[in-house]
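To keep things clear, I will list the structure first and then write my remarks on it.
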Amino acid sequence: MLVDTVENYTEILEQLQDEKALVVDVETNGLDSFGHAQICGIGIGKISNDETYYFPMRHQQGTNLPHIQTQQLIAVLNTCPVLIGYNIKFDLHFLEKEGLGVQKKRLEDVIVMVRLTEPTQVRDLDLTSTLKRSYGESAAQYDIETKKYLRSNKWNKDFSLAPPDVLGEYCEKDVHWTRRLYRDRLGLIHKSQQEAVWELEVSLTPVLYAMENRGISVDTEYAQTAIEKILSRKEELKEKIYAIVGEFNINSTQQLGAALNEQGIFSPESTPKGAQSWGEAALVKIDHPVAGYIRQYRTLEKLRSTYLEPHLEESVIHTGFCNWGTVTGRLSSREPNLQNIPRNHFKLTDIKLTEEERLEVLQRVNAILAAKGDAGVEELKPEVLDTWSFIGDESYDESVGNQIAIRRLFKPRENYYLVGFDYSQMEVRVFLSYLQNEEIQNLLRKTDVDFHGEAAKLAFGVEEDSSEFKFYRQMAKAITFGTIYGIGNKKLAIQLGTTPREAGQYKRRYFEGLKGSKGFFDSVVKTVETRGWIKNRYGRVYRIPADMGYKGINYLVQGTSADILNERLIEVSRALEETQSKVLLQVHDEIICEIHEDEITTLPTQITELLKENSLNIPLQVDMELCDPTWATKIDMNKAVFSSPAATQTVEDYIDWE
DNA sequence: CCTGACTCA
DNA sequence: CATTTGAGTCAGG
């Protein structure tokens, strides 16, 4: 029902006043709630019955409710203890601009309920596709038709251009279907006994909302100077590349392939569709200077377009954290994604390496390839290795010219310190915690254990002083990660540098030696095969196709780790409520906080302790790093405080050094 | 194995 | 002509 007259709005507000929970959906004139975009109308649905209303506020045609009256609507929302919505944080950011207070409310996000109750292979969770899946094509017809109509009138970028009756009807239908989904999925959550994870998600939602709202400071001037440096270096590289293979668009893999083929250079790798691949793994193997230059060019272009160009305007940026974005229960981050900011620094000059340095570069390149699951290279020509030396490590020294680091952009607010807390070897620890083996459980309880080394001893019977120890440790490490990731023998063989047959044999020995690992693996595969679903240690359910059981290990390990983070994030946020310090980011196994200078001597150790605790009682280890002056420069606070025998040193002393 | 962003075609 | 889509690549865990 369109509510746009004084007669009907008073009565309707009175009715809404008594509701214990309301479904909300806002229509806006843009997507940027932290910029200029605003609400043009609010849809509200009761949960006690099926009534739905649309309150037009800022339509550029037709009748809007006067501001005083929409203020009363916000007042009603403010007294409502429970809000329900589809991707509700989006709506809340807009509603807060109108005066809504969200912090004490229970926020039930229907898109999160959908994630919890869909099979793992379902990835598309937007309302349209969810309606199609759940209620058939016809249920989503209104959505498709309205969007088409809005587009035909060029109202699709700014819904306030559309008349209230058109948009109101559309919005009310969204509310109607959101309510229907809410009821149905609540039933499924109970049926699958996921009440506990659901409550975890409900508690997580306002925490994520607050993190999004707070945002993180960005050094826009650094972005500008870094772009300038990149542009001039790109010109240099372009000249070198064109001199060798002629002119073409370096960003186009098709044109790149044609240009290289013409020179008699062919790719040793292929893409999934069978074309020649020109990715990093292929370029390395070409062993030609032009390949290194192309890789440099592409890296710089990626840094510019993805990580620098978007940060020239706003000095505080707000990511969106989705607690519905992954099947495992991890968060995802978007617009911008702050969970994939490059760690390394990059060098912007031609470098002539010494013999020793060339060996290091070869090792680094191989390490990077290994991390991506690609095979390494035996050796490269000296002049080719020079072209690959632009990849720096995680350190960053601004006083050394001609280097850039993207994490240098992120800095603390005035009077704050950035502090990162990260779990060490979290997924390995969670994996081991699943094994029914007293010896391993004891190992877990020790601090400072080299798990890969221990696994090598158990699986292959080597001693630490043996000359073969390093080799077998590497094997054990690759198999552990391979098992956690659920890769097959073929990919494992690439990692191990063996044939698939041999890889299978190493795996068998590993499973034999690491008591409990075989049992864990087999029971997961079998349960998926027979029952179709498994649940992680927090009760999160994964419905998996019968023949995909091998993926289950990854879901359980990654998912349980994720839920530990979810749980701890809530606890840390609660602990920081009465302080000036805040959690800013979560990057899967770490959180980044801004700690007020008055609290720097007390809070970091408290946060570390809170992160180590968990309701599963898995012994976890947390490193604490001060990011000073920016995220690009990390100083280990644990070591600074505890491991120096000189010893009267405290965090405070450390800060003062600067 | 789990993601998101950008570019080209 | 504008917009959408899939493929390829690459940043993170």
Side-chain angles (χ1 to χ4, degrees), chain A residues 115 120-121 123-124 147-148 151-152 154 156-157 248-258 267 269-283 294-295 297-310 319-344 346 368-369 371-374 391 394 405-407 422-428 430-431 480-488 491-492 495 542 544 548-562 565 585-591 631:
Chain A
R115 180 64 282 166
T120 53
Q121 69 271 28
R123 303 298 162 105
D124 214 354
K147 278 183 188 148
K148 198 191 285 174
R151 181 188 310 280
S152 70
K154 300 200 165 155
N156 55 318
K157 298 269 167 177
F248 66 100
N249 182 353
I250 305 174
N251 291 326
S252 160
T253 44
Q254 266 180 39
Q255 292 185 35
L256 170 64
S267 173
E269 305 265 310
S270 33
T271 68
K273 293 269 165 187
Q276 284 181 80
S277 168
W278 300 104
E280 185 166 40
L283 290 176
I294 288 164
R295 184 70 184 89
Y297 184 96
R298 286 214 289 229
T299 297
L300 296 180
E301 176 56 16
K302 178 144 203 145
L303 297 182
R304 187 196 64 77
S305 68
T306 305
Y307 299 108
L308 294 168
E309 205 72 50
T319 183
F321 285 108
C322 305
N323 49 339
W324 46 266
T326 72
V327 301
T328 57
R330 271 191 177 181
L331 300 180
S332 73
S333 156
R334 61 177 200 181
E335 296 173 55
N337 181 353
L338 296 183
Q339 290 180 323
N340 72 344
I341 305 299
R343 308 186 72 107
N344 293 340
F346 298 93
I368 289 168
L369 293 177
K372 294 177 189 166
D374 295 310
I391 307 168
E394 289 183 27
I406 301 299
R407 293 195 175 195
D422 69 292
Y423 288 98
S424 72
Q425 308 253 48
M426 186 180 209
E427 294 198 350
V428 176
V430 169
F431 170 66
T480 302
F481 278 113
T483 307
I484 291 174
Y485 284 168
I487 61 177
K491 272 195 180 168
L492 182 62
Q495 286 276 333
Y542 306 106
I544 303 170
M548 307 272 254
Y550 67 93
K551 286 190 176 180
I553 305 279
N554 180 246
Y555 293 156
L556 294 178
V557 173
Q558 193 182 106
T560 297
S561 303
L565 251 298
L585 300 176
Q586 186 260 37
V587 192
H588 307 307
D589 62 358
E590 74 177 305
I591 65 173
W631 197 9

Sugar-phosphate, base or nothing in reach of Phe481(A), heavy atoms under 4.0 Å: nothing

Range on DNA chain B touched by chain A - first to last nucleotide, heavy-atom distance under 4.0 Å: dC1(B) to dA9(B)

First encountered from the 5' end of DNA chain B, between Gln254(A) and Arg123(A): Arg123(A)

Touch class at under 4.0 angstrom, heavy-atom based, for Lys302(A) against every strand present: base

All ring pair (Phe, Tyr, Trp, His ring centres under 6.0 Å) counterparts of Trp631(A), not counting sequence neighbours: Phe410(A)

Tyr485(A): ring pair (Phe, Tyr, Trp, His ring centres under 6.0 Å) partners, not counting sequence neighbours: none

Among dT3(C), dG8(C), dC10(C), the nucleotide that comes nearest once only the side chain of Arg151(A) is considered: dT3(C)

Sugar-phosphate only, base, or nothing, as touched by Arg330(A) at under 4.0 Å among non-hydrogen atoms: base

Between P of dC10(C) and CZ of Arg304(A), the distance in whole Å: 16 Å

Gap between atoms CD and P, on Glu309(A) and dA11(C) respectively (whole Å): 18 Å

N/O (side chain, Thr306(A)) to phosphate O (OP1/OP2, dA11(C)) under 4.0 Å: no

Pairing residues for Glu427(A) by the salt bridge (Lys or Arg N to Asp or Glu O under 4.0 Å) criterion, not counting sequence neighbours: Arg330(A)

Sugar-phosphate, base or nothing in reach of Gln339(A), heavy atoms under 4.0 Å: sugar-phosphate

For Lys148(A), side chain to side chain contact (heavy atoms under 4.5 Å, CB included) partners two or more places apart: none

Touch class at under 4.0 angstrom, heavy-atom based, for Asn337(A) against every strand present: sugar-phosphate

Sugar-phosphate only, base, or nothing, as touched by Glu590(A) at under 4.0 Å among non-hydrogen atoms: nothing

Sugar-phosphate only, base, or nothing, as touched by Val557(A) at under 4.0 Å among non-hydrogen atoms: nothing

Whole-Å gap separating P (dT4(C)) and NZ (Lys147(A)): 11 Å

Touch class at under 4.0 angstrom, heavy-atom based, for Ile341(A) against every strand present: sugar-phosphate

Sugar-phosphate, base or nothing in reach of Ser561(A), heavy atoms under 4.0 Å: nothing

Touch class at under 4.0 angstrom, heavy-atom based, for Lys491(A) against every strand present: sugar-phosphate

4.5 Å side-chain heavy-atom contact, Gln339(A) and Leu331(A): yes

With Ser305(A) via side chain to side chain contact (heavy atoms under 4.5 Å, CB included) - residues at least two apart: Glu301(A)

Taking every non-hydrogen atom, the tightest pair across Ser267(A) and Gln276(A): N-OE1, 2.9 Å

Length of the line joining Glu394(A):CD and dA11(C):P, which is rounded to integer Å: 14 Å

Sole candidate of Thr560(A), Leu556(A), Asn554(A) that passes side chain to side chain contact (heavy atoms under 4.5 Å, CB included) when paired with Gln558(A): Asn554(A)

Tyr307(A) OH to dG12(C) P, straight-line distance once rounded to whole Å: 7 Å

Integer-rounded Å distance: dT9(C) C1' and Asp374(A) CG: 12 Å

Whole angstrom value for the distance that separates C1' of dT9(C) from CD of Glu301(A): 13 Å

Nearest-angstrom distance from the residue atom OH of Tyr297(A) to C1' of dT9(C): 15 Å

Sugar-phosphate, base or nothing in reach of Gln255(A), heavy atoms under 4.0 Å: sugar-phosphate

